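Remember, it's a predicted structure, so these values are computed and weren't measured experimentally.
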Amino acid sequence: HHLGCGMYQHDISQTKLTASLDEIVVECVSFVGVNVNTCSEHLLKRVAGLTATRAKAIVEYREKHGEFSTRLDLKKVKGIGEKVFQQCAGFIRIYMAESASASKKSNPLDATNIHPESYKAAGQ
């Protein structure tokens with residue numbers, strides 16, 4: 001897929017254009033978050049704390065074990081320790097299908113930008 005940036009895009013340094021577009025994607029990911037159950041590796045690696053290797057591990061884990069039920073499930077993925085989890089958790093979203101949420105334990109706050117460390121305060 002290609003993104004059209006107007007008829008003068010070729011007059012801009014392709015390196016600078018690529019870097020600028022990448023920064024915008026990172027900004028959008030930080031603002032909106034990503035659905036970890038549908039997100040591609042390409043987008044996951046732009047989440048704070050996630051590298052290309054960790055993003056690949058998340059997708060492989062999801063393909064092998066099925067959808068994540070909670071953000072805490074991310075800690076089961078190789079390479080996602082407490083430090084990485086703290087960095088990325090607020091940008092990860094988990095939207096469970098109603099049929100799945102009945103059979104799996106889920107937390108509605110996992111679909112928000114509220115960080116897991118603030119769940120207790122959010123519930124008060």
**Request:** For residues C39 and L43, report the shortest heavy-atom separation together with the two atoms involved.
**Result:** SG-CB, 3.4 Å

**Fill in**
For T15, the side chain to side chain contact (heavy atoms under 4.5 Å, CB included) test, sequence neighbours excluded, returns S13

**Item:** Non-hydrogen side-chain atoms of E41 and K45 separated by less than 4.5 Å
**Value:** no

**Fill in**
Separation between CD (E60) and CZ (R62), nearest 0.5 Å, reads 11.0 Å

**Asked** Same hydrophobic cluster for V47 and L72, using side-chain heavy-atom links shorter than 4.5 Å among ILVMFWY?
**Response** yes

**Item:** Test log, rule side-chain contact (heavy atoms from CB on, under 4.5 Å), inputs N35 and I94
**Value:** CA-CA 6 Å; N35 182 346; I94 297 182; 5.6 Å; no

**Message:** Main chain of E67, side chain of N37: is a donor-acceptor contact present, judged purely on distance under 3.5 Å?
**Reply:** no

**Prompt:** To the nearest 0.5 Å, how far apart are CZ in R71 and CD1 in I114?
**Reply:** 8.5 Å

**Prompt:** With hydrophobic residues grouped by side-chain heavy-atom distances under 4.5 Å, do V59 and L50 end up in a single group?
**Reply:** yes

Name every donor-acceptor pair, under 3.5 Å, that has one atom in a side chain of residues 77-92 and the other anywhere in the protein, sequence neighbours excluded.
from: E82; atom 1: OE1; to: K75; atom 2: NZ; distance (Å): 2.7
from: E82; atom 1: OE2; to: Q86; atom 2: NE2; distance (Å): 2.8

**Item:** side-chain hydrogen bond (donor to acceptor under 3.5 Å, both in side chains) pairs, two or more places apart, involving residues 108-117
**Value:** D110-Y119

